[in-house]
Amino acid sequence: MKRRDVVKALLKKRGELLVIAGLGSTAWDITAAGDSPLSFPLWGAMGQAAMIGLGLALAQPKRRVLVITGDGEMLMGMGSLATIGVQQPPNLTVVVIDNQRYGETGMQETHTAHGIDLNGVARACGLKVVEYKDLAGAIHQDRGPHFAAIKVDAEKIPLVLPPREGALLKARFRRALLGAEADSA
Amino acid sequence: MWPEEIHRELSAAGVRVVGYVPDAGHKRLIELCQADKKMRAVVLTTEEEGIGLAAGAWLGGEKSVLLMQSSGVGNVVNVLGMVRECRFPLVTLVTMRGEQGEFNPWQVPMGQAVRPVLEAMGTVVHAPASADDIVPTVNAALRLAYNSYASVAVLIPQRVIGIKSFQEQAAK
């Protein structure tokens with residue numbers, strides 16, 4: 001599968017979905033699918049995408065939260081799967097776009113290229129592992145937390161960059177989610 | 001007792017999410033937060049996760065606090081870069097080791113580096129000098145963080161926590 005096709009399909013009918021993307025390729029992927037103020041693409045903080053998703057899911061229990069991140073980013077924050085497993089947020093889904101490579105640094109192989117199984121880790125941590133075909137239901141309605149690591153081709157594709165400034169990305173997200181009063185909260 | 005008073009300050013400020021890596025010095029405060037139905041106490045595998053947790057909670061409109069021991073400060077350094085770049089408000093309560101009377105030499109290097117490390121990453125450091133000063137300092141830290149979108153750490157001194165030996169720590 002092609003990563004951009006997968007991410008476009010996941011975000012096609014996103015509605016009020018809140019989206020966090022890990023740094024690098026998945027941040028470009030969600031931007032290629034159409035930038036939104038309700039997307040928070042990371043440019044750093046490697047390893048924290050799933051935890052930002054957890055914090056958001058706890059703060060917004062009535063909304064659905066989707067984290068889209070890469071295998072290298074997820075490996076750096078693997079402990080967060082244990083933390084999510086303890087909290088069991090029903091409204092959180094974590095999707096790993098797994099190309100088995102560190103895409104931004106020269107396509108070096110990650111651990112998943114050597115058989116390390118992120119779905120197995122997530123399952124052992126108490127997340128519900130779902131297949132690609134069942135992801136739409138998992139993301140938008142079923143009781144989570146859900147997890148899916150989806151194998152995609154290791155390809156170099158054009159960058160599609162979201163805004164870079166962190167304070168802007170934060171402020172636009174809060175304004176879109178919480179309304180203009182968030183500016184003076 | 002200062003843990004009860006800190007809990008009251010957190011509650012009055014509307015803190016809803018409490019991330020923590022346990023420390024003997026935070027034992028009572030963690031119990032109070034766990035027992036508080038308006039708070040979600042989140043046990044972390046590493047302190048770094050607490051920064052992501054706090055950032056996500058603020059994106060969703062909720063205030064949080066992060067509890068850790070001084071050794072945890074070393075685990076959050078890179079992610080404090082996100083806090084600064086995004087101007088996320090953040091309150092971290094750090095129980096200090098490696099200060100006065102430390103019995104474990106492995107605690108000393110990180111304990112002594114806490115202030116310069118935090119300041120290098122743009123976090124404002126408040127260090128109350130005595131037990132009486134802790135609660136007003138936490139109050140001020142909450143206001144600075146959430147009124148001014150700052151990252152603020154309160155260092156609770158080892159002298160106040162008063163752990164002097166392994167035996168004493170194990171008994172706490």
Side-chain angles (χ1 to χ4, degrees), chain A residues 18-20 22-23 37-40 42-63 65 67 76-87 89 91-92 125 164-179 181-185, chain B residues 13-22 33-34 38-66 72 75-91 121-122 142-143 145-151:
Chain A
L18 308 177
V19 178
I20 309 291
L23 82 173
L38 290 178
S39 291
F40 190 73
L42 291 158
W43 286 80
M46 186 166 175
Q48 289 305 307
M51 282 305 300
I52 297 170
L54 174 61
L56 182 56
L58 294 179
Q60 288 288 325
K62 290 182 179 156
R63 299 288 287 260
V65 177
V67 175
M76 191 174 279
M78 216 153 71
S80 60
L81 293 175
T83 297
I84 290 167
V86 172
Q87 297 302 322
N91 55 336
L92 177 64
C125 287
R164 284 197 304 283
E165 189 188 352
L168 169 76
L169 292 165
K170 173 199 69 174
R172 73 172 194 169
F173 189 99
R174 281 171 48 86
R175 188 180 286 184
L177 173 61
L178 306 166
E181 59 267 36
D183 294 354
S184 43
Chain B
V15 167
R16 294 282 175 267
V17 178
V18 181
Y20 69 93
V21 174
C33 294
Q34 285 171 329
K38 287 186 175 164
M39 292 182 184
R40 183 72 167 250
V42 178
V43 62
L44 311 166
T45 71
T46 170
E47 293 80 357
E48 190 182 11
E49 290 177 6
I51 309 283
L53 182 75
W58 184 245
L59 285 176
E62 294 289 7
K63 294 177 185 174
S64 59
V65 70
L66 175 55
N75 293 345
V76 303
V77 178
N78 178 56
V79 185
L80 285 175
M82 171 181 71
V83 173
R84 183 171 182 171
E85 167 56 23
C86 297
R87 294 202 67 186
F88 279 117
L90 180 70
V91 175
M121 292 308 294
L142 286 161
R143 285 185 289 120
Y146 284 103
N147 292 340
S148 299
Y149 313 104
S151 172

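Every chain is numbered from 1 and lettered A, B, ... according to where its sequence line falls, protein lines coming before strand lines.
Atom CD in A/Gln87 sits 8.5 Å away from atom CG in B/Leu44 (nearest 0.5 Å). Of the inter-residue distances, the one linking B/Glu85 atom CD with A/Leu168 atom CG reads 10.0 Å to the nearest 0.5 angstrom.
If you measure heavy-atom distances from A/Leu169 to chain B, you find no contacts under 4.5 Å at all. Residue A/Leu18: no heavy atom, backbone or side chain, is found under 4.5 Å from chain B. Within the 4.5 angstrom heavy-atom criterion, no atom of A/Arg175 approaches chain B.
Counting non-hydrogen atoms of other residues, nucleotides and ligands closer than 6.0 Å to CZ of B/Arg84 gives a total of 12 or fewer.
Across B/Arg87, B/Glu48, B/Glu49, the residue that shares the most heavy-atom pairs under 4.5 angstrom with chain A is B/Glu49. Taking A/Ala185, A/Ala82, A/Ala171 one by one and counting their heavy-atom pairs under 4.5 Å with chain B, the maximum is reached by A/Ala185. Looking only at heavy-atom pairs under 4.5 Å with chain A, the residue among B/Gly56, B/Gly61, B/Gly50 that has the most is B/Gly56. When the candidates A/Gly47, A/Gly79, A/Gly44 are compared by the number of heavy-atom contacts under 4.5 Å with chain B, A/Gly79 comes out ahead.
Proximity of B/Cys86 to A/Phe40: side-chain heavy atoms (C-beta onward) are separated by under 4.5 Å at one or more points. B/Leu59 places a side-chain heavy atom less than 4.5 Å from the side chain of A/Ile20. In this structure, the side chains of B/Val42 and A/Thr83 come closer than 4.5 Å at one or more pairs of heavy atoms.
Every ring pair (Phe, Tyr, Trp, His ring centres under 6.0 Å) that B/Tyr146 has, sequence neighbours left out, goes to B/Trp58.
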Please output the side-chain donor-acceptor pairs of residues 49-63 of chain A that fall under 3.5 Å, not counting sequence neighbours, one pair per line with the distance.
residue, atom, partner, partner atom, Å
A/Gln60, NE2, B/Gly60, O, 2.8
A/Arg63, NE, A/Glu16, O, 3.3
A/Arg63, NH2, A/Glu16, O, 2.9

